[in-house]
Amino acid sequence: DQQVKQNSPSLSVQEGRISILNCDYTNSMFDYFLWYKKYPAEGPTFLISISSIKDKNEDGRFTVFLNKSAKHLSLHIVPSQPGDSAVYFCAASMWEYGNKLVFGAGTILRVKS
Amino acid sequence: DAMVIQNPRYQVTQFGKPVTLSCSQTLNHNVMYWYQQKSSQAPKLLFHYYDKDFNNEADTPDNFQSRRPNTSFCFLDIRSPGLGDAAMYLCATSSVSRETQYFGPGTRLLVL
């Protein structure tokens, strides 16, 4: 039972263009969502998060959008840079889960120069 | 720099031979987690400690145990590794509930 799904295993984008990474979830009780970035041979690092009371959160080149009715969130990276090439994980949590995160399988982003 | 350290980075063990993976943190965080990540899959939480309180996930096999002797260290013990236990094992920490988790680089376990 996969509660958080990232249906695109990989995405390739030209440098300077927008990267859009998508994530769907099935449990409407999730109320906090995060994106993590992972480089090879390193652990995941926190990128950006959003609470379910918001529909958008922005941090520099990174914006996360949340559509609760569709149970969908997306991460936009504008403009994309070669250094953004990594695996991006979507994660979700709910108050009842305390500090537990449920992760998606990740999307490999390749930014071509 | 404050960080989460995992040793070793690569571990090879034999089928059925007990193995221990180690995690330490300099962040002084209350919560420590162990995740298992198999190739192209989502990291899966095995268990976590909130201070000394151990919280096991319902579907974590009995073969997996954990110890947290103090705030800084947490160990993952696999009593009788099977071929299906080959994976990346990630340790993470957070200060309190619902706060950002900080991950170590992981230990890749190979079972022969």
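To find a chain, count down the sequence lines: A is the first, B the second, and so on, and within it residues start at 1.
Residues of residues 47-59 of chain A lying under 4.5 angstrom from chain B, judged on non-hydrogen atoms, do not exist.
Using a 4.5 Å cut-off between heavy atoms, Arg108(B) does not touch chain A at all. Heavy atoms of Tyr39(A) lying under 4.5 Å from chain B are absent altogether.
The 12-atom threshold is exceeded at CZ of Phe54(B), counting heavy atoms of other residues, nucleotides or ligands nearer than 6.0 Å. Within 6.0 Å of OH in Tyr102(B) there are 12 or fewer heavy atoms belonging to other residues, nucleotides or ligands. The environment of Asp62(B) atom CG is sparse: at most 12 non-hydrogen atoms of other residues, nucleotides or ligands sit within 6.0 angstrom. Environment of CZ in Arg67(B): crowded, with over 12 heavy atoms of neighbouring residues, nucleotides or ligands closer than 6.0 Å. For CZ of Arg17(A), the number of neighbouring non-hydrogen atoms (other residues, nucleotides, ligands) closer than 6.0 Å is 12 at most.
Leu76(B) and Val111(B) fall within a single hydrophobic cluster, where Ile, Leu, Val, Met, Phe, Trp and Tyr are joined by side-chain heavy atoms under 4.5 Å apart, directly or via other members. Under the 4.5 Å side-chain heavy-atom criterion for Ile, Leu, Val, Met, Phe, Trp and Tyr, Tyr25(A) and Tyr88(A) are members of the same hydrophobic cluster. Leu66(A) and Ile20(A) sit in two unconnected hydrophobic clusters of ILVMFWY residues. Membership requires side-chain heavy atoms under 4.5 Å apart, directly or through other members. In this structure, Trp34(B) is not a member of the same hydrophobic cluster as Tyr50(B), with clusters built from ILVMFWY side-chain heavy atoms closer than 4.5 Å. In terms of hydrophobic clustering, with Ile, Leu, Val, Met, Phe, Trp and Tyr side chains grouped at heavy-atom distances under 4.5 Å, Val19(B) and Phe47(B) are assigned to a common cluster.
The closest side-chain heavy-atom distance from Tyr35(B) to Leu101(A) is below 4.5 Å. A 4.5 Å side-chain heavy-atom check between Phe89(A) and Gln37(B) finds at least one atom pair inside the cut-off.
Judged purely by atom type and a 3.5 angstrom limit, Tyr36(A) uses its side chain to pair as donor or acceptor with the backbone of Gln101(B).
Scanning both residues, Gly104(A) and Ala42(B), for their nearest heavy atoms gives O-CB, 3.1 Å. Taking both residues in full, the closest heavy atoms of Ser40(B) and Ala105(A) are given as O-CB, 3.8 Å, listed atom of the first, atom of the second, then distance.
Under the 6.0 Å cut-off for aromatic ring centres, Phe103(B) and Phe46(A) do not qualify, their centroids lying 6.0 Å or more apart.
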